Peer 1: 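Supplied in structure tokens, the structure appears directly below.
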Amino acid sequence: MRVLVHAGCFAKQEDDAYALAPWSRLLVSSEHTAAAPFVVGMLHPLIVQSWHSLGAWFHGRAPTPFAAAHGKGIFETAREQPGFVAVFNEAMASDSRLVGQVLVKKHAGVFEGARSMVDVGGCTGTLAAIVAEAFPHLKCTVLDLPHVVAAAAAAGTPNNLDFVGGNMFDHIPSADIMLLKWILHDWSDAECVKILKRCREAIPSKQNGGKVIVIDIVLQGDEASGCDKSRESHLFLDMQLMVANGGMERRNTNGVRSLRTLVFRATRSKVWDCVP
């Protein structure tokens with residue numbers, strides 16, 4: 001317990017009692033926005049074994065440490081192992097529950113005037129369901145691979161939410177808003193450009209209300225500056241992407257902004273700090 005108190009997980013009280021600290025409250029499973037499933041997902045044996053294969057990946061030819069450990073990529077593995085994909089999907093859903101509440105409560109204005117939205121790569125539809133419930137007039141669609149949406153569509157969802165099986169690299173259904181949460185960080189710059197071009201094809205012009213909402217971590221500042229815990233988390237997630245699927249978190253200066261300019265020829269956009 002001394003180690004956990006030192007790490008900030010618990011707070012020491014009188015009579016050898018301990019209380020939850022701010023970040024450990026996020027692990028309480030009874031809370032709607034609990035992050036415990038995300039932690040469980042990141043500590044799944046398939047993920048942990050991938051970290052142990054960093055050396056083999058560095059000296060070999062496998063595209064990622066995950067592939068070096070298991071012989072195939074994380075998305076291919078997910079298709080073949082239902083147990084792993086269930087844990088992975090719940091990890092993504094737990095984060096979407098937290099982000100979704102912030103999105104609809106603090107940034108509701110972004111949906112003003114829109115009639116439809118596609119959650120691109122929206123997995124089991126947790127985030128889209130939160131948006132659909134908050135804005136009943138908005139026709140929401142989740143686009144993901146057929147085997148992903150097949151299970152999700154069987155569950156109870158709001159009346160204004162549908163699921164479509166497909167591939168975002170090939171085609172994205174038309175809508176006023178494209179929502180991409182934790183999608184671009186999975187892919188290389190060239191692949192991100194392909195995804196964003198499909199988004200551009202699917203939305204109306206900016207003058208007619210077309211929008212692309214990207215929710216991702218944006219790396220800021222110097223890696224050597226300070227010991228901010230959120231900064232530390234961002235850097236660890238950047239490494240996690242490298243290990244799992246070869247992705248990356250990007251800086252706004254030379255990553256996010258350049259992708260936006262390449263696809264939309266835009267020079268201005270809004271950036272919000274949704275979750276510290």
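Just so it is clear, the model here is predicted, and its values are computed rather than measured. Numbering of residues begins at 1 and proceeds along the displayed sequence. Side chains are part of it too, since the values below use all heavy atoms of this structure and drop only hydrogens, waters and symmetry mates.
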Peer 1: Is there a side-chain contact between V212 and K206 in this structure, where contact means two heavy atoms from C-beta onward sitting under 4.5 Å apart?
Peer 2: no
Peer 1: Provide the closest heavy-atom pair for S116 versus D176 in the form atom of the first, atom of the second, distance.
Peer 2: OG-N, 3.0 Å
Peer 1: State whether the side chain of W57 and the backbone N or O of P63 hold a donor-acceptor pair below 3.5 Å, judged by distance alone.
Peer 2: yes
Peer 1: If you measure from the Lys or Arg side-chain nitrogens to the Asp or Glu carboxylate oxygens, is any gap between D216 and K181 under 4.0 Å?
Peer 2: no
Peer 1: Quick one: does E76's side chain get under 4.5 Å of R79's, heavy atoms only?
Peer 2: yes
Peer 1: For the pair R97 and E90, find out whether any cationic side-chain nitrogen is under 4.0 Å from an anionic carboxylate oxygen.
Peer 2: yes
Peer 1: Any side-chain heavy atom of Q81 within less than 4.5 Å of one from L46?
Peer 2: yes
Peer 1: Hey, is the main chain of V142 close enough, under 3.5 Å, to the side chain of D119 for a donor-acceptor pair?
Peer 2: no
Peer 1: Once you measure the plane-to-plane angle for F84 and F88, does it fall in the parallel (<30°), tilted (30-60°) or perpendicular (>60°) bin?
Peer 2: tilted
Peer 1: Taking the side chain as everything from C-beta on, heavy atoms only, tell me whether I47 gets closer than 4.5 Å to Q240.
Peer 2: yes
Peer 1: Donor-acceptor check, side chain of N160 to backbone of C140, threshold 3.5 angstrom: yes or no?
Peer 2: no
Peer 1: Tell me whether the count of non-hydrogen atoms from other residues, nucleotides or ligands lying under 6.0 Å of CZ in F236 goes above 12.
Peer 2: no
Peer 1: Is the number of heavy atoms from other residues, nucleotides or ligands within 6.0 Å of CG (D170) greater than 12?
Peer 2: yes
Peer 1: How about V243 and T64: do any of their side-chain heavy atoms sit closer than 4.5 Å?
Peer 2: no
Peer 1: Is it the case that the side chain of D238 and the backbone of E249 share a donor-acceptor pair, with hydrogens and angles ignored and the cut-off at 3.5 Å?
Peer 2: yes
Peer 1: Does atom NE2 (H6) have a neighbourhood of more than 12 heavy atoms from anything else shown, all under 6.0 Å?
Peer 2: no
Peer 1: With clusters defined by side-chain heavy atoms of hydrophobic residues (ILVMFWY) lying less than 4.5 Å apart, directly or transitively, does I217 cluster with V214?
Peer 2: yes
Peer 1: Can you confirm whether more than 12 heavy atoms, excluding those of N208, are under 6.0 Å from its CG atom?
Peer 2: yes
Peer 1: Please answer: with hydrophobic residues joined when any side-chain heavy atoms are less than 4.5 Å apart, are L43 and L237 in the same cluster?
Peer 2: no
Peer 1: Is it the case that the side chains of E191 and S188 hold a donor-acceptor pair, with the cut-off being a distance below 3.5 Å and no angle test?
Peer 2: yes
Peer 1: Using modelled atom types only, decide if a donor and an acceptor are shared between the side chain of R198 and the backbone of I172 within a distance under 3.5 Å.
Peer 2: no
Peer 1: Locate the shortest heavy-atom distance separating M168 from W187; write the atom from each residue and the value.
Peer 2: CE-NE1, 3.5 Å
Peer 1: Minimum heavy-atom separation for A91 to G41, with atom names?
Peer 2: CB-CA, 4.2 Å
Peer 1: Atom CD of residue position E201 - does it have more than 12 heavy atoms of other residues, nucleotides or ligands inside 6.0 Å?
Peer 2: yes
Peer 1: Are any non-hydrogen side-chain atoms of V87 and N89 less than 4.5 angstrom apart?
Peer 2: no
Peer 1: Nearest heavy-atom pair of D144 and G122: which atoms, and what distance?
Peer 2: OD2-N, 3.6 Å
